[in-house]
Participant: 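Sharing a structure, written as structure tokens. Questions coming.
What you are looking at is a predicted structure, and each value in this text was computed from that prediction instead of being measured. Side chains are part of it too, since the values below use all heavy atoms of this structure and drop only hydrogens, waters and symmetry mates.
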Amino acid sequence: MNGFEDDKKPKCDGDEYVKPGPKDLQVQLVISLSLGVSAFLAFCILRRRWKSLYAARKRHAEIELPHLPDTLFGWMPALYRITEHQVLACAGLDAYVFLTFFKMSLQLFAVMFFCAAVVLEPINRHFDPGHKRNDTNPSEFSLLREYAPYSDYQRVNLFGNAGENSGDDHGGDDESFNKNMSYLWSYLVFTYIFTGLTLFMLNRYTLKVIGIRQNYLGTQSTITDRTFRLSGIPENLRTENAIKTLVEKLEIGKVESVTLCRNWKEIDELMERRTAILAKLEETWSVYISQKPKLPVGTQANGDGTASGAPEVRSDEEAGESERLLRGGHDMQIDRPRPQARLWYGFLRMQSRKIDGLDYYTERLRLLDEKIIAARKKTYEPANIAFVTMDSIAACQMAIQALIDPGPGQLLTKPAPAPSDVVWRNTYKPWWRRRFQSWTITIFISILSIIWVGPVAALASTTICTIKAIMPSLAETLKDHEIIRSLIQTGIPTLVVSLLNVAVPYLYDFLSEHQGMISRGDVALSVISKNFFFTFFNIFLIFTVFGAAVAGIQETFRKSLTDSTYIAYTIATKIEELTSFYSCFIMLQGLGLFPFRLLQFGSISLYPINRMGAKTPRDFSQIMQPPMFYYGFYLPTALLVFILCLVYSVLPDGYQVLGLGVVYFVFGYFTYKYQLLYAMDQPQHATGGAWRMICYRVILGLVVFQVTMSGYLALKSAFTVAVLVTPLVIGTVWYSWNFKWQFEPLTKFISLVSIKRGEDEEEGVNEVAILDDEREGGYEEDVDQRSLRRRGSTTVDEAREKGLRFVNPSLVVPLEQPWIYQDPPPPFTEESDSLEFAIGGSEGEYSYGAGPSIRSQRDETRVEGIATRPPGPGSGAASSNSSSSISLGDTHIWRQ
């Protein structure tokens, strides 16, 4: 008996969990348009008012962004006219690569959509009208019908009539040359055409990205481009001089500097403790200065809030003298209750007493500063990793692309990350510990992906089918309300998938941070890989192969182990039934959620919460920083949509998925283009490394597309046509191997020909990337690349890395003073005249080293809940790039 069959009690078949009804696309379209249009109009209105949120990157003086008009819709044509060269110059190489994928997908699927709508769809309507059966007889295929055995369900739903091939035996006569089935040859032809078109576009844009990357990195001069990471250093070479001598003996260039990583765990922990104590001190000060002051003895409050005993300030000339007189008399000082801190001591720290909080945290900060200053003078045990900076980019590239030592695992060279991207706490960890962390996280994620199968299937099964099993009366009620039934039937699975796409990346990002990687750029690429695996495995395979049927998961695993072709046949069987579901998914992502991402709904909704939790000026400054753009949160979903469009491109109703895919990539391109240029910062510097990951995922999508088409044709009994798809799979695998050996090195390294030469500058050519544009096998250089070669301005990376060097920040970063007022205080340095802390009793005066003093309420002004020092001869004006008032609930939260 079939595992899905039960003669006594009907069960919910797996497909019935997710198979939408005839009205679901219309309902989903209305929902998506309602969400998208409202969010888009809100963005157009708020963009002009909250410029500090929607044009946050304009506050960077070193970035010259193209101007966007302040009209309601006038910014859209201006955004469209921004060229790729401007994107590269203003947002960097990673942003250019990310947007290039959307542009390539848009062009590819536009052509596919035209072919599917003009050629394939008329063929399907003429030769296979049964694929439109839901429009003609929706009641027959309603999810509320009585449930048939799995074999009957497969025969009816896939082929439209009973008695044809079942899902358990794939035998029968070959129908490849049957006149009535001749239209299946068009599926084979377009499978070849779409595969060739995809590989052509992928190859074309890969050459373009490689050319841009080589030009961009070869014509700039940053410390990152001249530095390589040296790992596996033997103990006898773990000194700066020994490493410098070794590298210079290779005669590839001169060594400018060597940063040997050491066991800086002690000073890193001290800096972490100092950060925590500094936050406590600032919070205590904010509590102190926000308290209502007590009036001095002998004074009474007037009706206007002033003290009757205080002298009247008559003119500006008398202001300074009056202020000195008010501070001079002790009986005129304003007093406030001082915050208390609870100190635990004794056996098991079970006893406590309250002490002055300002004195306590100030003293602890002073002691930590003394320890840090002493720790910075210590010599620490060297690690096996070093950053070697050469005098030229060419010398660095020769070191990276060469084998230095014949010993396995010794003196290995890799490109260095940017100094700001280095995770210094991982540089001095033993290699076995980093390897153990990496494998542990990888195994945990693999197990987690399997565990996701149950929750994903269970959540997705909350549809009409399960409602009928649990609450038959409610199911009968929904049977008469088609729109409400469509909301439940399509809305719940689509909403669950969308929520998982939003929530799971945060978990994988947290896990990647603890995987022991040296750079944040590697962490970002790892997040892309992990999140794509989740979306592809759980959202595509689980919904397709397992059909979201919890009861059928074990049966599916059992059959897949006994029959190697079962997965292919299952995908081919189920994929057509899920056309409407994935169409709704792409529709919601493109029409409904992209406008919300443009609106930055998350930042807006979280702002009141962060505002209520902010207490110190540093907290207010942090919540006003522009949000970060993480490629690992957005790219995997786009790759999944790309694969879905490929898989459905030739199948019946494929034009519908392709059309929605075109809309998705159009909206995604302009949404992310605006965010990367104007609204969000990018914390990583991966030098375009995401492109090779994109290419491998596209190749994976092609293989899935070809396997699906082969299984689909086999289920149609067109075995000869199905076998003829096999050469495509072999050719795609060969292209993947060819890509690895020919293209992948150019996405990791910089060719020596692309590097700028000193003699070129003497001849008046700023940058030379290619000696012969017409050489065989080269690429055609476009206008943007030629302008890049003649570029004389500073790139985003050069501006970002100006003045940086490879050194642990804990060793050199200036020690921050407590931030009490609106303007940040100057940092404390070791060259200060004294290391003094003073708390002035009732006078409320606080001083720290050489920094300015912080005085009582009489010397303060209060703006929107933040204490600020009044401008004066020694204080300076307020920061010119500061944001507007940050009061809660007003209409100018992010207004400049």
Participant: Test side-chain contact (heavy atoms from CB on, under 4.5 Å) on Ser34 and Val30; report intermediate values, then the result.
Facilitator: CA-CA 6 Å; Ser34 301; Val30 173; 4.1 Å; yes

Participant: Got a second to check how far Arg204's CZ is from Phe200's CZ, nearest 0.5 Å?
Facilitator: 5.5 Å

Participant: Just one of Leu598, Leu599, Leu593 clears the side-chain contact (heavy atoms from CB on, under 4.5 Å) bar with Thr671, so which one?
Facilitator: Leu598

Participant: Would you call Val663 and Phe667 a side-chain contact if the rule is heavy atoms closer than 4.5 Å?
Facilitator: yes

Participant: Could you tell me which non-hydrogen atom of Ala116 sits nearest to which non-hydrogen atom of Leu658, and how far apart they are?
Facilitator: CB-CD1, 3.8 Å

Participant: Roughly how far apart are Leu120 CG and Ile193 CD1, rounded to 0.5 Å?
Facilitator: 8.5 Å

Participant: Would a 4.5 Å heavy-atom cut-off, applied to side chains only, mark Val725 and Leu713 as touching?
Facilitator: yes

Participant: Could you walk me through whether Phe536 and Leu639 satisfy the side-chain contact (heavy atoms from CB on, under 4.5 Å) test, starting with their C-alpha distance in whole Å, then the side-chain angles of each, then the deciding distance to 0.1 Å, before giving a yes or no?
Facilitator: CA-CA 9 Å; Phe536 179 77; Leu639 289 170; over 6 Å; no

Participant: Measure the CD1-CD1 distance between Ile694 and Ile699 for me, rounded to the nearest 0.5 Å.
Facilitator: 12.0 Å

Participant: Please report the C-alpha distance between Phe670 and Val666 in whole Å, then the side-chain angles of each, then the deciding distance to 0.1 Å, and finally whether the side-chain contact (heavy atoms from CB on, under 4.5 Å) criterion is met.
Facilitator: CA-CA 7 Å; Phe670 289 104; Val666 168; 4.2 Å; yes

Participant: Shortest non-hydrogen contact from Arg697 to Met693?
Facilitator: CD-O, 2.9 Å

Participant: Write down the atom of Cys695, the atom of Thr206, and the distance for their closest heavy-atom approach.
Facilitator: SG-OG1, 3.6 Å

Participant: With under 30° as parallel and over 60° as perpendicular, where do the rings of Tyr674 and Phe43 fit, or are they tilted in between?
Facilitator: perpendicular

Participant: Using modelled atom types only, decide if a donor and an acceptor are shared between the side chain of Asp94 and the backbone of Gly688 within a distance under 3.5 Å.
Facilitator: yes

Participant: Going through the distances and angles, do Gln706 and Tyr192 end up as a side-chain hydrogen bond (donor to acceptor under 3.5 Å, both in side chains)?
Facilitator: CA-CA 9 Å; Gln706 295 155 4; Tyr192 272 82; over 6 Å; no

Participant: If I take atom OG1 from residue Thr535 and atom CG from residue Leu635, how far apart are they, to the nearest 0.5 angstrom?
Facilitator: 9.5 Å

Participant: I want to check something: taking the side chain as every heavy atom from C-beta on, are Tyr712 and Val650 in contact at a cut-off of under 4.5 Å?
Facilitator: no

Participant: Under 4.5 Å between any side-chain heavy atoms of Val209 and Phe743, yes or no?
Facilitator: no

Participant: Mind checking whether Met112 and Thr198 have side chains closer than 4.5 Å, heavy atoms only?
Facilitator: yes

Participant: How are the rings of Phe98 and Phe629 set relative to one another: parallel (under 30°), tilted (30 to 60°) or perpendicular (over 60°)?
Facilitator: perpendicular

Participant: Where does the angle between the aromatic ring planes of Tyr664 and Phe102 fall among parallel (under 30°), tilted (30 to 60°) and perpendicular (over 60°)?
Facilitator: parallel

Participant: May I ask you to decide whether Glu84 forms a salt bridge with Lys208, counting only side-chain N to carboxylate O separations under 4.0 Å?
Facilitator: yes

Participant: Out of Tyr672, Trp691, Phe642, Tyr669, which residue meets the ring pair (Phe, Tyr, Trp, His ring centres under 6.0 Å) rule with Phe101?
Facilitator: Phe642

Participant: Hey, what's the ring geometry for Phe534 with Tyr508, parallel, tilted or perpendicular (30° and 60° as the breaks)?
Facilitator: perpendicular

Participant: For Phe705 and Phe194: C-alpha separation, side-chain torsions, deciding distance, then whether ring pair (Phe, Tyr, Trp, His ring centres under 6.0 Å) applies.
Facilitator: CA-CA 10 Å; Phe705 163 57; Phe194 287 169; 7.1 Å; no

Participant: Could you check whether Trp734 and Phe739 have their ring centres less than 6.0 Å apart?
Facilitator: no

Participant: Is a side-chain donor-acceptor pair under 3.5 Å present for Asn531 with Tyr631?
Facilitator: no

Participant: Around Phe601, counting heavy atoms of other residues, nucleotides and ligands shown, do more than 12 lie under 6.0 Å from its CZ?
Facilitator: no

Participant: Quick check: does any side chain N or O of Lys673 sit under 3.5 Å from a backbone N or O of Leu79, one acting as donor and the other as acceptor?
Facilitator: yes

Participant: Do Asn538 and Leu500 touch side chain to side chain, with heavy atoms closer than 4.5 Å?
Facilitator: no

Participant: Taking the side chain from Ser182 and the backbone from Lys179, do they hold a donor-acceptor pair closer than 3.5 Å?
Facilitator: yes

Participant: One pair to check against side-chain hydrogen bond (donor to acceptor under 3.5 Å, both in side chains): Tyr634 and Arg597. What are the steps and the verdict?
Facilitator: CA-CA 10 Å; Tyr634 308 114; Arg597 290 177 182 171; over 6 Å; no

Participant: Return the minimal non-hydrogen interatomic distance between Cys645 and Gly661, and the atom names on each side.
Facilitator: SG-CA, 3.7 Å

Participant: Report yes if the distance between the aromatic ring centroids of Phe633 and Tyr630 is under 6.0 Å, otherwise no.
Facilitator: yes

Participant: Please check if the side chain of Arg692 supplies one atom and the backbone of Thr747 the other of a donor-acceptor pair under 3.5 Å.
Facilitator: yes

Participant: Calculate, to the nearest 0.5 Å, the distance between atoms CG and CE belonging to Leu728 and Met709 respectively.
Facilitator: 10.5 Å

Participant: Enter the distance from Leu184:CG to Asn178:CG here, rounded to the nearest 0.5 Å.
Facilitator: 9.5 Å

Participant: Taking all non-hydrogen atoms of both residues, which atom of Pro636 and which atom of Ile528 are closest, and how far apart?
Facilitator: CG-O, 3.8 Å

Participant: Do Trp185 and Phe177 pass the ring pair (Phe, Tyr, Trp, His ring centres under 6.0 Å) test, and can you show the C-alpha distance, the side-chain angles, and the key distance before you say yes or no?
Facilitator: CA-CA 9 Å; Trp185 287 91; Phe177 302 98; 5.8 Å; yes

Participant: Which heavy atom of Pro122 sits nearest to which heavy atom of Ala117, and what is that distance?
Facilitator: CD-O, 3.5 Å

Participant: Within the distance-only criterion (no hydrogens, no angle test), does the side chain of Tyr96 pair as donor or acceptor with the backbone N or O of Ile212 below 3.5 angstrom?
Facilitator: no

Participant: Kindly indicate whether the side chain of Tyr582, heavy atoms from C-beta on, has any atom under 4.5 Å from the side chain of Val657.
Facilitator: no

Participant: Taking the side chain as every heavy atom from C-beta outward, state whether Gln28 and Phe585 have any atom pair closer than 4.5 Å.
Facilitator: no

Participant: Once the angle between the rings of Phe537 and Phe533 is folded into 0 to 90°, is it parallel (under 30°), tilted (30 to 60°) or perpendicular (over 60°)?
Facilitator: parallel

Participant: Is the backbone of Leu199 close enough, under 3.5 Å, to the side chain of Asn203 for a donor and an acceptor to pair up by distance?
Facilitator: no

Participant: Evaluate side-chain contact (heavy atoms from CB on, under 4.5 Å) for Phe665 paired with Met104, printing each intermediate quantity in order.
Facilitator: CA-CA 9 Å; Phe665 285 106; Met104 179 191 73; over 6 Å; no

